[in-house]
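Only one structure is covered here, and it is reproduced in the block below.
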2 protein chains.
Amino acid sequence: MPRKRRASSFDVARLAGVSRTTVSLVLNNAPHAHISEETRRRVWEAARKLQYFPHAAARSLVEGRTRTVALVWHRGPDVNYRDVFLPGLLQGLASALHAQGYSLLFRPIEPQEPDDVVLELALGGYADGLIISGPKAEDPVLAELVRREVPVVLHGQVPGLALPYVDVDNVAGAKRAVSHLLRLGHRRIAIITNARPEYVSARQRLEGYRLALREAGITPLPQWIQYGDFDEASGRKAMQALLEVQPRPTAVFVASDLVALGALYALWEAGVRVPQDMAVVGFDDLPLAAYTIPPLTTVRVPAWDLGFAAGQLMLHRLQGRPAVSQRLPIELVVRASCGSGSNTP
Amino acid sequence: MPRKRRASSFDVARLAGVSRTTVSLVLNNAPHAHISEETRRRVWEAARKLQYFPHAAARSLVEGRTRTVALVWHRGPDVNYRDVFLPGLLQGLASALHAQGYSLLFRPIEPQEPDDVVLELALGGYADGLIISGPKAEDPVLAELVRREVPVVLHGQVPGLALPYVDVDNVAGAKRAVSHLLRLGHRRIAIITNARPEYVSARQRLEGYRLALREAGITPLPQWIQYGDFDEASGRKAMQALLEVQPRPTAVFVASDLVALGALYALWEAGVRVPQDMAVVGFDDLPLAAYTIPPLTTVRVPAWDLGFAAGQLMLHRLQGRPAVSQRLPIELVVRASCGSGSNTP
DNA sequence: TGATTTTGGTAACAGGTGTTACCTATCCCG
DNA sequence: CGGGATAGGTAACACCTGTTACCAAAATCA
């Protein structure tokens with residue numbers, strides 16, 4: 001006959017023949033408790049037999065914390081783009097949290113949802129801290145969270161906000177990609193950004209592009225700079241525009257793999273060979289990048305590591321240790337689309 | 001000066017000049033409570049002013065439920081494959097849950113983690129119910145969960161288990177894809193499965209393939225049947241094998257878009273034109289399918305809808321309503337790789 | 001021996017909420 | 001005017017845990 005009710009610490013105490021206090025002391029390894037080995041053994045045995053797990057709500061009520069961290073996932077115009085990173089980010093985050101016994105609450109926020117819902121996560125005792133992905137500078141909720149001293153870690157930077165964040169080093173990544181093209185001998189190098197210039201990451205990647213060219217003594221023509229908008233369609237359109245530029249650039253740095261996919265498609269449509277007639281480098285290293293035609297040279301964004309770093313940052317913050325923002329290093333993955341590197345995945 | 005402590009219902013009561021009980025009755029819209037309009041107004045006003053949210057732990061302690069559902073995400077050999085669906089699934093699930101005031105806990109399980117961790121989610125009061133993705137038939141945890149009467153909904157079927165599940169109609173989807181190729185005049189149609197035959201979904205999609213051919217009076221040659229293994233590399237290899245078959249098939253149904261990506265790559269390497277020399281149809285409709293070269297005709301798997309359905313199933317189960325398994329319908333998305341349909345995304 | 005420490009353990013409280021049983025006016029109706 | 005119903009509201013309990021303060025007995029020390 002199945003036991004339907006869960007076991008409480010009282011049940012464990014009774015089975016072990018001790019008080020409930022003793023059960024708690026033993027199971028939590030209380031440091032200053034004097035309990036005989038024999039008693040400890042009996043308590044553990046009873047807990048195991050009853051499959052006892054402390055009730056999360058009761059524990060969090062008495063401890064004043066939930067041992068839970070929420071990932072606040074803003075849905076915006078860049079939905080499909082950011083969704084690609086969600087699995088890696090989530091699992092890295094969960095990995096960091098679980099290592100310390102914390103749980104992970106996932107909270108997507110639709111654009112029309114009221115501000116309260118984010119506040120409720122913290123003030124309603126659903127989570128001890130909030131990891132906020134896709135934050136916006138003008139968001140009044142962020143200010144309110146700061147005012148209420150809610151522990152917050154941002155995924156993605158917000159200029160002018162003193163909140164700790166994790167992000168990839170966009171400038172260095174873009175510079176690395178463009179430097180690679182320069183080293184291969186290209187001089188007319190265009191860029192298609194990942195997003196419109198309102199976005200911090202787009203500006204940073206553009207800056208990396210400029211930096212690399214400046215070091216090589218090259219001043220980019222205005223027509224070389226095209227703006228993507230997260231998706232493949234925007235990349236296709238931007239590339240079509242670039243193909244009209246005279247003299248035609250010999251290489252393009254596309255600051256997003258999804259946008260690059262559209263760009264590759266436009267080149268295929270136009271019968272322009274990659275990399276012979278046009279070299280292409282992407283950004284993100286999505287799994288699909290290894291199997292585009294031709295395989296895409298790209299800058300790796302370590303989604304899992306970002307999640308893990310965000311989790312660690314939050315744990316530090318919750319434990320009163322110093323929490324310093326992290327800008328993770330990048331790495332160039334060389335494949336065939338740039339003209340160096342192997343032609344097979 | 002920032003208020004650091006959160007407001008409790010007691011604070012609201014004091015500000016509104018009523019008792020704590022009245023606050024609770026008003027805020028929860030208790031059906032049989034006689035409270036004057038004026039008092040209600042004062043309570044709501046006070047709650048708003050104090051930004052009061054009921055403490056989740058206290059509430060769940062007294063109500064005996066958490067209003068939380070956990071998604072148990074098993075990491076297995078098909079990691080990359082299933083990860084692609086995670087964002088859609090999660091957001092559909094969250095959408096269904098939030099509509100009823102439920103929260104979503106995300107719990108990835110690494111292969112080496114002990115069985116307890118899943119049990120703890122339910123018995124430790126972390127969640128009222130478990131949505132289990134990537135379940136295995138022989139998993140002893142599933143049996144234990146059933147024994148303890150823990151509400152469970154499976155994402156993906158497990159033969160021989162009487163648990164409610166949500167899944168896509170694999171047989172019908174595969175049949176639809178192959179029928180489309182038949183209608184275009186193909187007779188020598190091969191298949192590359194999404195996974196090895198141990199996997200239920202692989203067997204079901206293969207069955208759909210056979211069904212469609214049988215209806216057309218065609219008996220597939222054994223060499224037409226190749227097994228993929230979730231990733232692009234397996235698709236490339238399988239396609240290379242198919243290219244050796246004489247007479248060469250004129251069309252392939254690849255039961256996974258990722259595997260199809262590898263297959264397209266192999267065709268490109270071999271200089272075989274798609275769709276002129278070989279028609280290709282995929283399965284999943286990943287976002288990238290619209291931008292492969294050429295764009296991939298494929299069977300759409302509605303990840304968001306699956307998540308939403310799983311959420312609703314769970315809510316029904318938790319509310320004592322009948323919870324019946326769902327096999328969601330599929331839809332063929334016609335693009336260029338099959339030879340009918342437009343050549344542009 | 002008497003005083004002090006150590007060992008092994010427990011009683012009792014706090015934490016915030018939902019709900020039940022109960023209470024007191026006021027109103028309605030015969 | 002009496003009695004019952006109703007409106008408006010409250011005191012008190014239960015939910016389960018971690019922790020503090022405390023106690024009794026045994027061991028140690030002066």
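Values below: every heavy atom of this structure, side chains too, minus hydrogens, waters and symmetry copies.
Contacts between residues 121-128 of chain B and DNA chain C, counted as heavy-atom distances below 4.0 Å, involve no residue at all.
Taking the salt bridge (charged side-chain N to carboxylate O under 4.0 Å, His left out) definition, one finds that B:Glu138 meets it with nothing, sequence neighbours left out. Among residues two or more places apart in sequence or in another chain, the side chain to side chain donor-acceptor pair (under 3.5 Å) test is passed with A:Asp167 by A:Gln157. The ring pair (Phe, Tyr, Trp, His ring centres under 6.0 Å) check on B:Phe53 picks up nothing, with sequence neighbours excluded. Judged as a ring pair (Phe, Tyr, Trp, His ring centres under 6.0 Å), and not counting sequence neighbours, A:Tyr52 has no contacts.
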Quiz: residues 35-43 of chain A side-chain donor-acceptor pairs under 3.5 angstrom, not counting sequence neighbours:
unit_1, atom_1, unit_2, atom_2, d
A:Ser36, OG, A:Thr39, N, 3.2
A:Ser36, OG, A:Thr39, OG1, 2.8
A:Arg40, NE, A:Ile35, O, 3.3
A:Arg42, NE, A:Ala16, O, 2.9
A:Arg42, NH2, A:Ala16, O, 3.1

Below 3.5 Å, can you tabulate the donor-acceptor pairs from side chains in residues 91-110 of chain A to any protein atom, sequence neighbours excluded?
unit_1, atom_1, unit_2, atom_2, d
A:Gln91, OE1, B:Arg75, NE, 3.2
A:Gln91, OE1, B:Arg75, NH1, 2.2
A:Gln91, NE2, B:Asp83, OD1, 3.2
A:His98, ND1, A:Ala94, O, 3.3
A:His98, ND1, B:Arg107, NH1, 3.2
A:Arg107, NH1, A:Glu113, OE1, 3.4
A:Arg107, NH1, A:Glu113, OE2, 3.4
A:Arg107, NH1, B:His98, ND1, 3.2
A:Arg107, NH2, A:Glu113, OE1, 3.2

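One axis for each end of the helix from C:dT1-D:dA30 to C:dG30-D:dC1, each built from five base pairs, and the angle between them comes to 40° at 10° resolution.
Side-chain N/O atoms of B:His34 include one lying less than 4.0 angstrom from OP1 or OP2 on D:dA7. The side chain of A:Tyr52 places no N or O atom within less than 4.0 Å of a non-bridging phosphate oxygen (OP1 or OP2) of D:dC16.
In this structure the side chain of B:Phe85 never reaches within 4.5 angstrom of the side chain of B:Leu306, judged on heavy atoms. Proximity of B:His55 to B:Arg6: side-chain heavy atoms (C-beta onward) are separated by under 4.5 Å at one or more points.
Counting only residues at least two apart or on different chains, the ring-ring contact (aromatic ring centres under 6.0 Å, His included) pairs with a member in residues 305-329 of chain B are B:Trp304-B:Phe308. For the salt bridge (charged side-chain N to carboxylate O under 4.0 Å, His left out) condition, the pairs that include at least one residue of residues 51-69 of chain B, sequence neighbours left out, are B:Glu63-B:Arg65, B:Glu63-B:Arg67. Here salt bridge (charged side-chain N to carboxylate O under 4.0 Å, His left out) pairs that include residues 27-36 of chain B, with residues two or more places apart or in two chains, number zero.
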Residue pair A:Val84, B:Val84: steps toward the side chain to side chain contact (heavy atoms under 4.5 Å, CB included) verdict: CA-CA 8 Å; A:Val84 175; B:Val84 175; over 6 Å; no
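Within the nucleic acid shown, A:Ser36 comes within 4.0 Å of sugar-phosphate atoms alone, with no base atom in reach, counting heavy atoms only. Using a 4.0 Å heavy-atom criterion, one finds that A:Leu61 contacts the bases of the nucleic acid, with or without backbone contacts as well. Within 4.0 Å (heavy atoms only), B:Ser60 reaches no atom of the nucleic acid at all. Within 4.0 Å (heavy atoms only), B:Thr21 reaches at least one base atom of the nucleic acid. Counting any heavy atom pair closer than 4.0 Å across all strands shown, B:Ser9 reaches sugar-phosphate atoms only and no base atom.
Residue A:His55 contributes atom NE2, which lies 15 Å from atom C1' of D:dG18 at whole-angstrom precision. Rounded to an integer number of Å, the gap from CG of B:Leu25 to C1' of D:dA7 is 13 Å. Rounded to whole Å, atom P of D:dT10 lies 12 Å from atom CZ of B:Phe10. Nucleotide D:dA7 holds its C1' atom 15 Å from the CD atom of B:Glu38, rounded to whole Å. The CZ-C1' distance, from A:Arg65 to D:dT17, rounds to 13 Å in whole Å.
Side-chain proximity of A:Arg59 to D:dT10, D:dG8, D:dG18: nearest is D:dG18.
With the nearest nucleotide of DNA chain D identified for both B:Gly17 and A:Ser8, B:Gly17 has the one nearer the 5' end. Nucleotides of DNA chain D nearest to B:Glu63 and B:Thr39 differ in position, and the one nearer the 5' end is that of B:Thr39.
Between chain A and DNA chain C, the heavy-atom contact criterion of under 4.0 Å yields a 5' to 3' nucleotide range of C:dT7 to C:dG16.
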